[in-house]
Student: 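Please see the structure below; I have some questions.
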Amino acid sequence: MDGDYTMKSKALVVMAAVAAMITGTAVAAETFRNTITGDDLKVPESSNPEGRDTAAVKHFLESGVNLYTEVKACLPKGEEVYLTSCSGCHGHVGEGKVGPGLADNYWTYPKNKTDKGLFETIYGGAQGMMGPHSDLTLDELLKLMAWIRHIYSGDVADADWLTEEQKKTFKPYKPEEHASADGSAKAADGDECKVSAN
Amino acid sequence: MMKHLGTGLLAGASCVALTVAMQVGSASVSFANDKLNELSKSNENWVMPGKNYSSQNYSPNTQISTENVKQLRAAWSFSTGLLHGHEGTPLVVNNVMYVHTSFPNNTFALDLNDPGHILWQHKPKQDPAARSVACCDLVNRGLAYWPGDGKTPALIIKTQLDAHLVALNAETGEEYWKVENGDIKVGQTLTQAPYVIKDLALVGSSGAELGVRGYTTAYNVKTGEQVWRVYATGPDNEVGLAADFNSANPHYGQKGLGTGTWEGDAWKIGGGTNWGWYAYDPETNLFHYGSGNPAPWNETMRPGDNKWTMTIWGRDADTGQAKFGYQKTPHDEWDYAGVNVMILSEQTDKAGKKRKLLTHPDRNGIVYTLDRENGDLVSANKLDDTVNWVKQVDLKSGLPVRDPEYGTRMDHKGKEICPSAMGYHNQGHDSYDPTKELFFMGINHICMDWEPFMLPYRAGQFFVGATLWMYPGPKGDRQNYLGLGQIKAYNAISGEYKWEKMERFSVWGGTLSTAGNLVFYGTLDGFIKARNSDTGELLWKYKLPSGVIGHPMTYEHKGTQYVAIMYGVGGWPGVGLVFDLQDPTAGLGAVGAFKNLQNYTQMGGGLQVFSLDGKNPYSEDINVGEFDSKG
């Protein structure tokens, strides 16, 4: 399935790139749907006007793939967003509180194993107390998703969101080994959060 | 008394809040108030969640009794169309039933002559982001009714989770006014049933789990204008302390403590929200309620008594000013939020003196009875002999005598603490039978381990700082996580329990008692039960579609007595079931305690109504509700 997926998404990228060249704006090739109702979430029109134009957002709208995953320099911003918007319910490191844990390999909504599915659940909300978080910018949401993927502590084999390359190097997250004393991710000096779609 | 005097004055009322407040205090308003009081006396009505201003949940109706309760059958039912927790109970006024729901807080008016017909429905469109800042599921506890005065129509007052208070025309369901009582961005929500006193609509707020500073606000019921607001913490003028505050019991504390018992500005994010029930005495003009837990739960982060969280209040209805305040759990270490029901009674104390009393089964496992005129402690007894954080309450000083073994602190995992953070009693609205002088209380029998952790305050984020493990109390079955509840009959003067019974799960929603010698209640696993209120003998039960976290009510319609109850499992005990949680510490510890609940019930909200032999408008006349081609 993984091989197929990559091929398809590459084809989509090309098509979307052509579309973008024609219209000159970020057009979502993917249709993003509410996790519960299936309604079209109308992304990006319904999103925060800021942060729509980054390379990662454009790529995500076209392909449903998050380029920030495991890009070390992009994690600190993701953790910051996580601590502000998610940790209260889901726990400091995704261990679960009022809300379910996010770091294990059990998913209330199995589609959250894909970047697109996780985005839809966060952006549009889900059942119960999981309200929509569409107030965050698309770029912040992608960085947040990268952080959620980073704190994964389950079996790497189940981490469908990682490429085969990433799976080789990914180490399940251990809070106690987390670099800094205050528990926050730190990028190495001079590192910039930069991704390219190629 | 001076019933009609002030109506003219009100017509020319200015917008100045002070003017409104003064008029509210004067005679004009007692017109509506007397009307509400009168309505509450009829067996045909249930005009507030606790039936009357004394919040007794007691009906003098004798039609359904110990003799015939076995013949109680389903009469009719109504699905609210919503999942999640349905707390509280519907209202009945003048042959119309008003039903509330969990988020998005729809309201339905049903015609009791033809309950298959929805007279009107109000379905607010709320900011769905409110769901993320609710504590523990998306519950709502009910409605308030204001009877109208000839100029302003009768109103249904409701709360929305997104912190709005809304008045609806009781006849049409149209919005009459709508005010913003708080901001969901900082975690302020509303789940409480509002409360009408005279021409004021009172409402508290939720959000202590997110560091919200609690307040109670009164709005002019006709306009939605704010009349007064008083806080649980902070400077005396904001807490609203009358000049003679606690003069009868100065040892409860008087001036400067809303800031002085906190470190720095911690009181600003110190919790103390009230989302429970109110009671009111028209003779003293005092209303009573409890402020909730301090924030965060981690006690190490907030040294001091943390006044006036965890406090039983006696406040003047017209001004909000407090005549007395008694803090039950100074410097809480267990989340024993003090918001539970206040039931008013008139009883003779041990010394033979007739007194106006207030009885309050608290989360902390103590049932308090106070003189509601001045706050004097009359009795304070354990809800169950397994309560262990406190040895006793010293009636002289009012202070709990703690057992340090069950205290909580940083770098320590407290074990076997009883009750758990859910309390031996939570939001259930209990009942009082004045003829028997007995309180019927639904109890949680749950204990816990508790381990605090430090966390920073972030606006709109959970601000708890503790990990909890919950399990049945010593009388339950810890192997199988069953035996999590009790039902008890209590005499507040003698301190004796006339009877008590164990239940498989919590009796979360409270009780109804009637002059038919009966006490009714619902269980978390979805039964409504009737017991003999003298002996506790189980006489009747019925399996509902889903678990119960609300309380039953009763009304008479066309000569037939009905018993009604809302079902729809959820709330704090149901969060595991509702949110697909797995880890036993999830749901603030609820998932572990109630891990077997899913084997007994599932989600689904609605209302079930019973009568003897199931008699109902359709059984009496089969043509009621039929299509009539002649119109």
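Lettering follows sequence order; numbering is per chain, from 1.
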Student: Is any side-chain heavy atom of B:Leu455 closer than 4.5 Å to one of A:His92?
Tutor: no
Student: Between B:Phe462 and A:Gly88, what is the shortest heavy-atom contact and its length?
Tutor: CB-O, 3.4 Å
Student: Might you point out which heavy atoms bring A:Cys89 and B:Ser132 nearest each other, and give the distance in Å?
Tutor: SG-O, 4.1 Å
Student: Who among B:Gly460, B:Ala134, B:Ala590 has the most heavy-atom pairs with chain A under 4.5 Å?
Tutor: B:Ala134
Student: Is it the case that more than 12 heavy atoms not belonging to B:Gln121 sit under 6.0 Å from its CD atom?
Tutor: yes
Student: Contact part of B:Phe453 toward chain A, heavy-atom cut-off under 4.5 Å: side chain, backbone, both or neither?
Tutor: side chain
Student: Measure A:Ser87 against the heavy atoms of chain B and call it side chain, backbone, both or neither at under 4.5 Å.
Tutor: both
Student: Taking all non-hydrogen atoms of both residues, which atom of A:Met129 and which atom of B:Asp137 are closest, and how far apart?
Tutor: SD-N, 3.2 Å
Student: Take atom NZ of A:Lys111 as the centre, draw a 6.0 Å sphere, and report whether it contains more than 12 heavy atoms from other residues, nucleotides or ligands.
Tutor: yes
Student: Would you name the heavy atoms of A:Thr84 and B:Arg458 that are closest together and state the gap between them?
Tutor: CA-CD, 3.8 Å
Student: For B:Lys185, does the NZ atom sit with more than 12 other heavy atoms under 6.0 Å from it, leaving out its own atoms?
Tutor: no
Student: With A:Lys97 as reference, evaluate B:Leu468, B:Val464, B:Thr467 under the side-chain contact (heavy atoms from CB on, under 4.5 Å) test and give the passing residue.
Tutor: B:Thr467
Student: Heavy-atom distance under 4.5 Å between the side chains of B:Arg131 and A:Pro132, does that happen here?
Tutor: yes
Student: Just so I know, are the side chains of A:Gln127 and B:His84 near enough to count as touching, which here means a heavy-atom distance under 4.5 Å?
Tutor: yes
